[in-house]
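One structure below.
These figures come from a predicted structure and were not determined experimentally.
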Amino acid sequence: MEKTLVVGLWGFPGNWYRARYKPVVVDDIKSVDRLSSWTTSRESISAHSTTIVLAKTFRDKGFETHLKIYGLDTLASPPRLDSNKIRKNGDRERADLVDELNRYLNEFAMHDPKSYGDVVERAEMVLKLFVDGYTKLVDDSLSKKLSSISISILPGIGTFDLVYSNTSKRYVYRGSPLNTYAALFLDLVETLEFVDPDIVLLDVSHGINYLPVLGREAVYRCVEFFSSVKRKRVVVAIFNSDPVNEQDQESYIHLIELKQFSAAPIELIRSFAEVLTREFPKLRMLEHEKPSDMLNNVNRYVEEVCEKHIGLLNAIAKASSYGLVLYIAHKLFELDLNLLKSHVENLRNKILEAIKNRNVSRENNTILIKHNFAIPTTIIDLLNAMHLLMEISKNIKTIETTKEDDTTFIEINMLKKLAKDVGLSEIAKTILESEIDNIEKHIATLTKIGIDIDLSKPTPLSAVMELIEKPMK
């Protein structure tokens, strides 16, 4: 059964009207990358969320479907809604959810968050309330039919008022959308590893402000990286719907972008090497403050990792452009995989630690939730580049070689296999194939004129070239 991951980027779900949604569908995943294969459903589905509609539609079509919803930590201070007004408008189900939400808000207003963990926990409560509620309203058994449902909270920015009785508390979230990107990317990589999808459906219908644009970029780059690691094709389809301005309005869910990814590892390494050469990865302070020990620790570690691996990245990137696979193999055979693995894991953990290190303070009636730094995308690029180096190195170390004295030999056929595995560009392939063709012609010529070469044992290329250049007697 083909695997589908439905990803939703949600703002505040309490405001969403119930609508009659008509999604676009595809019957055969083999033709999913062709726009002509997608058609608009004749039947509408009554729902509050386009994301849930997409999950139900693909599950009903027989796909193994996983659902992942992302919300912002700003959901810890959502608006208070009038459930009676919603109920009078004919939406009893959403009104019931709003009643529960308002009970949460009473509790939130009476007890300020003491840590960022408290903020995330409250945002999760709000997001889960509506994910569970809206899923059940579409199909009472949909949560059991889907292969998995999960939610994650990302750092947001903005100013919001938490209303309680006749008073309110102001919640101010300061930081950078780059931190949202980093958190989304790292979480989505884990989700992709877990699901191993053939197609990713990204729904941006419910996203707010910067979230749809940032989410599209993060999903594209994440899927590109994942497809390269797994060496498989993955298709991304992006959806948006008509605006819904009233109860039970008809709305179409549109396929607005379709793209497939199957990047070769070496292709991405070249891209990362170019970026990392141009811009050094480092956490950037947003205000004129002294960096914390934690931030200094992260930057020192990034510097250490760059010192160890950037030179190798650049060398491999350049070598791959000229088809020098033997050089790549030589360098990666020497690579300490355990050290590289520890660098990948430690850097990832340090980035996650930085994201969770969001200061929470109170001054009068204002709660300030703050990141005073931004995580540049180059740090994520560095992490991904090292991960790809690790994967290529693992693959190279499985290739058959022969050891004689202190020299390691690799057969020509193994060299060809390696070139295919790392994914050389067409130009680099042509250069390598030409070199290999010349070697094979030299060997054939020597054999033809009666110079015997024992190919049953390792023969250095230099020995072949010496025989070619040796004058005839």
Quick one: do [X] and [Y] make a salt bridge, cutoff under 4.0 Å?
X    : Y    : value
K61  : E2   : no
D132 : K128 : yes
E303 : R300 : no
D198 : K3   : no
E190 : K68  : no
K259 : D33  : no
E64  : R59  : no

Subject >> side-chain contact (heavy atoms from CB on, under 4.5 Å) evaluation trace for V302 with I379 >> reply: CA-CA 8 Å; V302 169; I379 287 187; 4.2 Å; yes
**OP:** Carefully, step by step, assess S292 and F373 under the rule side-chain contact (heavy atoms from CB on, under 4.5 Å).
**Re:** CA-CA 10 Å; S292 67; F373 61 88; over 6 Å; no
Would you say the side chain of [Y] lies within less than 4.5 Å of the side chain of [X], judging by non-hydrogen atoms?
X    : Y    : value
S342 : L339 : yes
L67  : I52  : yes
K230 : E193 : yes
I269 : I392 : yes
L54  : F239 : yes
L276 : T378 : yes
L5   : L201 : no
L162 : F108 : yes

[X] to [Y] - nearest heavy-atom pair and separation:
X    : Y    : answer
P113 : V360 : O-CG1, 3.7 Å
L178 : A374 : CD1-CB, 4.1 Å
L255 : L35  : CD2-CD2, 3.5 Å
L75  : G71  : CD1-CA, 4.3 Å
G11  : W16  : N-CZ2, 4.2 Å
V7   : T51  : C-CG2, 4.4 Å

Subject >> Among D73, N179, N372, side-chain hydrogen bond (donor to acceptor under 3.5 Å, both in side chains) partner for R358 >> reply: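 The option that passes is D73.
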**OP:** Walk me through it: do E289 and K370 pass the test salt bridge (charged side-chain N to carboxylate O under 4.0 Å, His left out)?
**Re:** CA-CA 13 Å; E289 297 179 359; K370 181 181 175 183; 2.7 Å; yes
Original post:
Do you know which of R170, R122, K169 makes salt bridge (Lys or Arg N to Asp or Glu O under 4.0 Å) with D112?
Top reply: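 Answer to the salt bridge (Lys or Arg N to Asp or Glu O under 4.0 Å) test with D112 among R170, R122, K169: K169.
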To the nearest 0.5 Å, what is the distance between [atom1] on [X] and [atom2] on [Y]?
X    : Y    : atom1 : atom2 : answer
L340 : K308 : CG    : NZ    : 10.0 Å
S205 : N240 : OG    : CG    : 4.5 Å
H66  : L192 : NE2   : CG    : 11.0 Å
H309 : E304 : NE2   : CD    : 8.5 Å
N384 : H387 : CG    : NE2   : 8.5 Å
L368 : S361 : CG    : OG    : 4.5 Å

Subject >> Test side-chain contact (heavy atoms from CB on, under 4.5 Å) applied to Q260 and V234, step by step >> reply: CA-CA 6 Å; Q260 68 172 357; V234 183; over 6 Å; no
Subject >> Partner of F272 under side chain to side chain contact (heavy atoms under 4.5 Å, CB included), chosen from D381, T277, L382 >> reply: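 Among D381, T277, L382, the one that satisfies the side chain to side chain contact (heavy atoms under 4.5 Å, CB included) with F272 is D381.
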Under a plain distance cut-off of 3.5 Å, with no hydrogens placed, do [Y] and [X] share a side-chain donor-acceptor pair?
X    : Y    : answer
H206 : S49  : yes
S77  : Y173 : yes
H254 : D242 : yes

Using a 6.0 Å cut-off, check whether atom [atom1] of [X] has over 12 heavy atoms from anything other than its own residue.
X    : atom1 : result
F194 : CZ    : no
E363 : CD    : no
R174 : CZ    : no

Original post:
Can Y220 and F261 be said to form a ring-ring contact (aromatic ring centres under 6.0 Å, His included), step by step?
Top reply: CA-CA 8 Å; Y220 271 169; F261 294 92; 5.4 Å; yes
Original post:
Do F63 and F58 have their ring centres less than 6.0 Å from each other?
Top reply: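 Between F63 and F58, the centre distance is under 6.0 Å.
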N/O donor-acceptor pair under 3.5 Å between [X] side chain and [Y] backbone:
X    : Y    : answer
R221 : V223 : no
N297 : D293 : no
T57  : V53  : yes
D187 : A183 : no
D336 : N338 : yes
S37  : V26  : no

Whether [X] and [Y] hold their rings parallel, tilted or perpendicular, with breakpoints at 30° and 60°:
X    : Y    : result
Y134 : W10  : tilted
F185 : F225 : tilted
Y301 : H343 : perpendicular

Original post:
Under the side chain to side chain donor-acceptor pair (under 3.5 Å) criterion, do N357 and Y116 qualify, and how do the steps go?
Top reply: CA-CA 7 Å; N357 187 30; Y116 186 55; over 6 Å; no
**OP:** Check the pair E391, K394 against salt bridge (charged side-chain N to carboxylate O under 4.0 Å, His left out), reporting the backbone distance first and the verdict last.
**Re:** CA-CA 5 Å; E391 293 300 324; K394 280 183 193 173; 3.6 Å; yes
Subject >> Worked verdict on L312 versus I310 for side-chain contact (heavy atoms from CB on, under 4.5 Å) >> reply: CA-CA 5 Å; L312 178 60; I310 290 288; over 6 Å; no
